[in-house]
Amino acid sequence: MERMTDMDRTLTPRPLAGAWRALRRRPDAVIAAVVLVLFTTMALAPRLFTRTSPRSCDIREARVDPQWAGGAHPLGTDSLGCDVLATLVHGVRPSLLLAVVVVGVALVVGVTLGLLAGYYLGWVDYLVSRTVEVFLVIPLLLAALLILSLFQGVDLGGGTFDVILLPAIVLILFSWMPYARYVRASVLETKNLDYVTAARSLGASDLRIMVRHVLPNAVGPVTAILPTSVAGIISWEAVLSFLGIGVRPPATSWGIQIEQGSEWVTGGAPHILLAPLVCLVATVLALVVLGDALRDALDPRLAR
Amino acid sequence: MTRYIARRLLQGAGTLLLVMFVLHLLTTVAIQLNGNPAQAFFGDKVATPAQVAAVEERFGLDDPCFDQPGNPCLGPFAERLGQYARGDLGTNLRGREVADIVGAAAPNTLRLFCVVVVTWLALGMVLGSVAARWRGSAGDHGIRLTSVLIDAFPVFVLLIVYRYVVAVPLNRWSKETFGEDSWPPYWFRPSFDPAHPWATVLVPGILLGLAGSAAFIRLVRASQLESYAGEHVRTARSKGLSEPRVVVHHVVRNSSVPVVTAVGLTFAEALGGAVITEGLMNIYGMGGVLWEAVRNDDVGLVLGIVTLLTTVTVLVMIAVDIAYALLDPRIRLGTDD
Amino acid sequence: MAQITSRITATAGVAAVALTLAACSPSDVEGATDGPVTVETWISQDMETLFPGDAGSYDNISVLDVVYDGLVRYDPETTEPYNYVAESIEPGAENLVWTITIKPGLTFQNGEPVDAEAFARAWNYTADGDNGLYSNYFFSIIEGYDDMQPETGDDGEIVAPGAVDELAGLEVVDDLTLRVTLNKPFAGFATVLGYTGFFPVAQECLDDVEACATEPIGNGPFQVTEWTQSQELTAEKWADYPLDETPDYDAIHWTEYATGETSSWADFQAGQLDLSFPPTAEVEAARNDPELSQRYVERPGSALTYLGFSLYDDGPWQNVEFRKAISMAIDREGIISSLGSGSATPADSWVVPGGVPGGEAGTCEWCTYDPDAAEEALRRAGGWPEGEKLQISLGDDAAEVEYFTAIGNSIETVLGIPYELNIDPDYFSTRAAQGYDGMFRNNWFPDYPLNENYLSFYASGEPGAGHFGWYSKAFEDKLDEAAQAPTLDESIDLYQEAEGILAEEFPTIPFRWSFSATYYSERLDNVVLNPFSGAPMLRAVEVTDA
Amino acid sequence: MTEPVLEVRDLVKHFPVRRGLRRRTTDAVRAVDGVSFTIRAGRTLGVVGESGSGKSTLARTLLGIERPTSGQVLVDGEDVAHLSRAGRRQLRRDVQMVFQDPYTALNPRMSVGQIVGEPFAVHRVRPPRGRTSAVGELLELVGLDPGQVNRYPHQFSGGQRQRIGIARALALRPRILVCDEPVSALDVSVQGQVVNLLQDLQDELGLAYLFIAHDLGVVRHVADEIAVMYLGRLVEQGPPGDVYDRALHPYTQALLSALPVPDPAVRLTDSRAIMVEGEPPSPVDPPAGCAFHTRCPLARQLGEGARADGGTGAGRCASTPPSLEPHGAGAAHDGTAPSHRAACHFARTLPTPATVEA
């Protein structure tokens with residue numbers, strides 16, 4: 001077995017190196033990468049970008065217009081007199097964390113269930129398909145409210161992870177189904193290919209066949225929708241905030257900012273909405289561009 | 001085929017029952033943990049136990065199981081199922097017939113969804129086809145970026161901006177241009193008018209449809225690209241068919257199947273958007289009613305509405321599956337794959 | 001390509017045809033010329049009933065106000081009650097037994113007489129706890145109320161229905177005379193009688209309460225003709241209305257909104273509504289519009305939003321100095337001018353000043369923003385425990401969340417006490433069950449214009465009881481004394497003294513008073529706001545064009 | 001003569017078709033419908049048939065991927081169905097497969113080393129000199145450069161990939177190799193090399209081959225015995241010489257006549273080339289009697305010639321299924337050489353193009 005791992009190690013760098021070379025040839029991908037690195041840095045070390053605390057707010061300084069570089073409030077203040085830039089920078093962490101956690105967990109759950117359903121068919125498939133159907137049928141908002149009311153008595157604390165926990169649970173519950181469906185469909189296609197038959201005739205265990213043979217070749221369509229999924233989650237968080245069931249104030253997130261800003265968009269302070277919206281759009285575009293570039297770079301058919 | 005439909009209907013009934021049970025459990029646990037929904041009846045006045053009890057009794061919440069966390073409350077569930085079976089959807093917390101509420105709210109939501117679906121299909125088919133036809137062109141890139149932007153842009157921002165920035169001036173302008181009695185002022189009314197439901201639901205529906213169209217654009221594009229790469233298109237081209245003919249007969253037609261399927265699947269999802277649209281444009285519809293019902297712990301109303309919605313969604317899904325099976329006989333003959 | 005284009009063109013063509021066809025028939029669009037003169041206004045969507053004894057929200061009160069007439073009505077200027085359906089209301093000795101005589105010849109809209117019996121049947125029905133009506137608690141001041149309430153076991157479950165169906169203290173002396181015996185003396189009883197819970201109901205209404213809740217049989221100037229619940233409500237003038245307070249126009253049409261005034265404003269701007277007020281973000285623009293600002297009325301409202309503490313629990317807030325520190329750390333002016341421009345004013349009293357008899361501004365000594373004094377008070381109180389967060393609990397309402405975030409920010413900035421908002425959809429019941437720890441929001445909307453109405457619910461009866469867990473014997477004694485005062489004026493003065501005790505012991509922090517303002521359309525005139533609900537007085541409105 | 005390594009007795013594999021609400025089994029796809037044969041070590045059985053004739057199902061059943069509906073598979077005289085757990089594991093090692101399409105037979109996300117080494121991993125076998133060297137040896141054995149062990153399938157040509165597949169199949173030293181049309185997806189120029197490789201390996205390792213093909217061309221040079229399959233049954237079986245030169249069954253004759261002939265002139269002069277028309281019938285509902293009679297040119301001729309002869313002519317084809325019986329010159333069974341048998345009521349030797357050529 002050790003020998004095998006040696007072999008694996010010598011193998012991996014090659015396609016990645018190739019992908020990196022291909023990536024560098026695309027300036028849009030480079031810009032996208034820069035944007036993402038910027039926001040990731042913001043999430044990790046917000047103090048690098050602003051010294052103002054998002055919670056020291058002077059209500060008498062509410063809705064100040066952007067003063068740009070040099071001013072006390074480069075991006076102005078919101079309706080509570082809080083610095084928009086500070087709120088924005090401190091809102092990156094919950095927003096991105098939420099998106100990553102939701103997409104990550106939903107992906108694992110969806111892929112696992114889709115794999116099992118497509119591989120075993122029969123009652124497993126029946127069970128998974130019915131579950132998918134049930135979740136497709138229950139309206140997300142209804143479940144969101146019910147879950148919220150279930151958890152409202154629980155003190156979740158104020159840590160970054162705690163404030164996103166409820167929206168995360170809700171969004172995970174209702175975003176795994178497409179992954180399951182996609183994976184199931186491509187597993188159905190993959191599992192009858194000869195190399196799977198070959199592995200089976202060798203007597204390989206189901207687990208080994210699924211993990212080594214079926215899954216790596218069946219996740220393609222899923223990886224293609226990941227960037228958009230992340231985008232969708234960030235935007236959904238804003239919708240949940242708008243309905244009052246997202247990240248809870250006073251914790252901030254882009255969703256909350258967009259929700260609060262939308263109120264003032266016609267009241268002479270559009271910057272409160274525009275600042276987080278521009279960041280959201282930039283992140284999403286960056287993810288999509290980067291996702292596209294990565295896919296092109298990794299796809300052997302296109303590398304030809 | 002009849003057998004296939006029957007089997008699918010039976011499956012749908014199973015799903016329906018499952019959904020109802022899951023929701024029943026969730027609401028029951030919510031009541032058990034959070035205390036009595038009858039309290040909500042009294043708003044910010046503190047009700048006496050006697051008042052609460054009177055309300056509880058009126059609306060069937062007096063079963064002791066609602067006070068025992070962990071009790072699945074199968075009794076009230078069975079009772080409710082029996083009620084539904086007799087065609088009685090029960091009443092809400094304040095004694096209004098759920099059937100009446102739904103009767104008033106459902107048509108508006110259906111109108112909204114009609115406009116939404118037409119918008120989805122129109123935008124999806126047109127933009128998706130264009131993007132697929134000229135894959136890799138500037139137009140394709142533009143359309144794909146637009147679709148991502150649409151995805152990232154929360155619906156409510158779109159609606160708020162429309163309502164406060166666009167609708168009022170447009171409404172005034174159309175009144176001056178076309179006269180008070182013409183249709184355009186109705187299209188641009190900042191909120192719904194029950195007397196002219198279709199005219200006033202048009203723009204909100206288009207906006208909501210626009211917000212959800214991104215997925216459709218991508219779907220149409222992807223499935224048409226697959227068609228373009230498919231054998232039958234190559235064959236058709238090699239037979240010397242004109243390009244438009246190939247596009248319309250072989251590409252567009254073949255790629256419409258997944259699109260139709262997607263319409264069925266996004267039905268429940270669209271309800272989320274409906275809550276917001278209905279709230280902002282003051283449309284009395286299922287989304288808004290459901291939203292309020294859940295916020296008020298109005299168990300009877302929530303379950304009644306969700307049961308109806310589920311039934312409709314399941315029926316739509318079944319209809320889509322059947323359409324699919326009609327188009328593709330492999331599905332109904334084969335096992336489940 | 002040609003075909004695809006033609007297909008698109010065809011689709012567009014079909015759409016165009018459909019639209020043109022539709023445009024051909026703007027159908028039943030209102031003729032606008034000869035129809036009834038209608039005032040277009042709005043209420044919020046959650047109105048469920050128009051049964052007087054069950055109406056408790058701003059909205060059904062404002063509808064019932066034109067559909068029913070009460071024994072008394074309130075003067076728009078002074079808010080003092082004057083007899084309307086009542087000919088006279090006489091307090092007996094010690095304000096305990098009240099004799100009410102009713103004007104002769106009045107009828108309901110269905111022809112039934114409005115007599116003593118009409119009031120007695122309404123009050124008995126509402127006072128009967130078995131019916132579980134909203135206004136039930138109003139009748140607790142009348143003798144025999146307790147016997148009408150169902151018996152409850154230890155766990156709050158009903159074990160037996162109320163023993164009797166009629167209030168012992170209510171006596172129909174003759175057709176037009178009603179004698180009411182109270183539990184204990186209450187000088188303000190006549191004031192209470194204008195409230196919706198005390199409106200009369202017809203026998204036909206009681207025979208089918210459910211029908212009556214949606215198609216009320218009133219005795220007021222307007223008759224509900226059509227109510228599509230949650231969408232719209234129309235009331236037309238009752239031709240046979242015998243009394244004089246009735247306007248000249250023909251009908252009122254209420255549009256119901258899911259989100260209240262924020263959604264009504266756009267419709268007002270588009271000319272669909274005659275009355276509305278803008279959402280906060282639009283207030284400034286409206287105020288700066290020279291044309292709009294001509295059609296504007298405002299008046300201080302009477303609803304108080306204030307903060308309570310969990311005095312039933314241990315905590316720094318047990319120290320009155322701590323409560324003062326918090327109060328002085330809240331920048332009421334700043335917060336309200338930013339978030340509630342035109343819909344609220346800073347509060348510095350517990351009874352609305354100028355809104356009800358006995359209300360006076362400035363009774364709260366520590367309700368002014370003073371960061372230095374606040375810090376000083378906090379030091380006196382012994383500071384805030386390190387590492388703890390101050391919980392501020394409130395209901396699930398976006399506008400309030402914004403207000404309380406600002407309050408929290410203000411406290412945190414001035415006193416350095418970190419806070420945490422606890423947004424609870426079941427806030428009312430949790431609060432009633434003393435379920436909060438720290439600070440929580442409270443709101444009081446008066447039922448009738450008397451300072452007593454703002455004070456009596458502080459009487460918890462024993463230490464640790466009530467919403468706040470606050471008890472003061474001196475305060476409760478003063479309330480009792482006031483209730484027994486020989487005249488209403490004396491009684492009002494004594495209630496003011498009770499407010500003074502409240503101000504001294506400082507159990508709660510007044511934050512803001514509601515402020516009512518309305519813009520109206522060009523066709524309206526004489527728009528006056530109800531002195532304590534803040535709603536436009538529809539009976540007074542005049543329609544100028546026709 | 002050695003004992004047979006593989007013996008198949010009356011092997012049947014039906015796939016149920018479920019219909020109706022209760023998903024009852026109402027029908028079956030008769031993929032393999034009573035097949036018997038034996039293979040000895042170092043020998044090759046060629047199985048020929050159109051697509052859909054059941055030959056792939058036969059292969060999958062032998063490999064243990066499908067469970068037989070009935071009948072027996074004996075490996076070294078032991079019934080596979082009654083094997084112990086260890087015995088089944090051993091069986092997995094004894095029988096291996098080479099696939100038709102070298103493009104789908106190799107996992108594109110695994111390196112050659114991982115692919116060829118996978119049998120060791122699955123069976124937790126530790127080759128004497130380590131797995132890496134074992135993989136190298138295997139690659140050498142099939143004529144590939146061991147240095148290419150870290151490459152991925154898409155970096156190889158079709159023929160090379162097929163060699164990789166063969167190397168994987170040989171890793172556990174199997175005794176029986178099922179080759180499912182191993183060369184039909186390859187360029188003609190490469191086909192010969194792979195066939196030669198397989199023959200060399202057979203000589204070297206003493207393997208028994210079940211060699212599946214859809215036409216008679218390839219197996220001619222490889223097989224020691226030929227079996228022709230139609231709709232799940234063997235319709236003709238015998239030594240290559242007999243089958244090619246004296247085909248008994250009209251179906252075999254049709255297959256033979258479809259073979260490309262080196263000299264076109266010969267073919268053109270042959271007016272008796274037999275063509276089979278139409279698609280094979282559905283295996284769910286095979287024709288009664290002789291399954292081939294719906295497409296059989298002979299049955300048609302007989303039917304036309306003897307319309308009145310309902311009992312003995314074409315009518316018999318439609319009513320009575322023929323059994324596989326010895327015919328022709330090879331009928332005298334000597335116990336060592338396989339007999340030449342055919343399942344046709346009217347089996348007779350027809351001159352084939354090959355005969356004419358000879």
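Only a predicted model underlies this, so the values are computations on that prediction, with no experimental measurement involved. Lettering of chains follows the sequences in order, A, B, ..., and the numbering in each one begins at 1. Because only heavy atoms are used, hydrogens play no part in the values below, and waters and symmetry mates are left out as well, while side chains stay in.
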Contact part of D:R124 toward chain A, heavy-atom cut-off under 4.5 Å: side chain, backbone, both or neither?
neither
So for D:L106, is it side chain, backbone, both, or neither that comes closer than 4.5 Å to the heavy atoms of chain A?
backbone
Passing candidate, side chain to side chain contact (heavy atoms under 4.5 Å, CB included) with D:L177, options D:V95, D:T44, D:L170:
D:L170
With a cut-off of 3.5 Å and sequence neighbours excluded, list every side-chain donor-acceptor pair involving residues 30-38 of chain A.
none

Cationic tip of A:R130 within the cone over A:Y126's six-membered ring, i.e. under 6.0 Å and within 45° of the normal?
yes
Counting only non-hydrogen atoms closer than 4.5 Å, does D:L172 touch chain A with its backbone (N, CA, C, O), its side chain (CB onward), both, or neither?
side chain
Using a distance-only test with no angle check, is there a side-chain donor-acceptor pair under 3.5 angstrom linking D:D187 and D:Q191?
no
Do you know which of D:N107, D:L63, D:I115, D:V122 has the most heavy-atom pairs under 4.5 Å to chain A?
D:N107
Go through the atoms of A:T197 and report whether side chain, backbone, both or neither lie under 4.5 Å from a heavy atom of chain D.
both
In terms of heavy-atom proximity below 4.5 Å to chain A, should D:R168 be classed as side chain, backbone, both, or neither?
side chain
Suppose we screen for salt bridge (charged side-chain N to carboxylate O under 4.0 Å, His left out). Which residues come up paired with D:K55, at least two apart in sequence or across chains?
D:E181
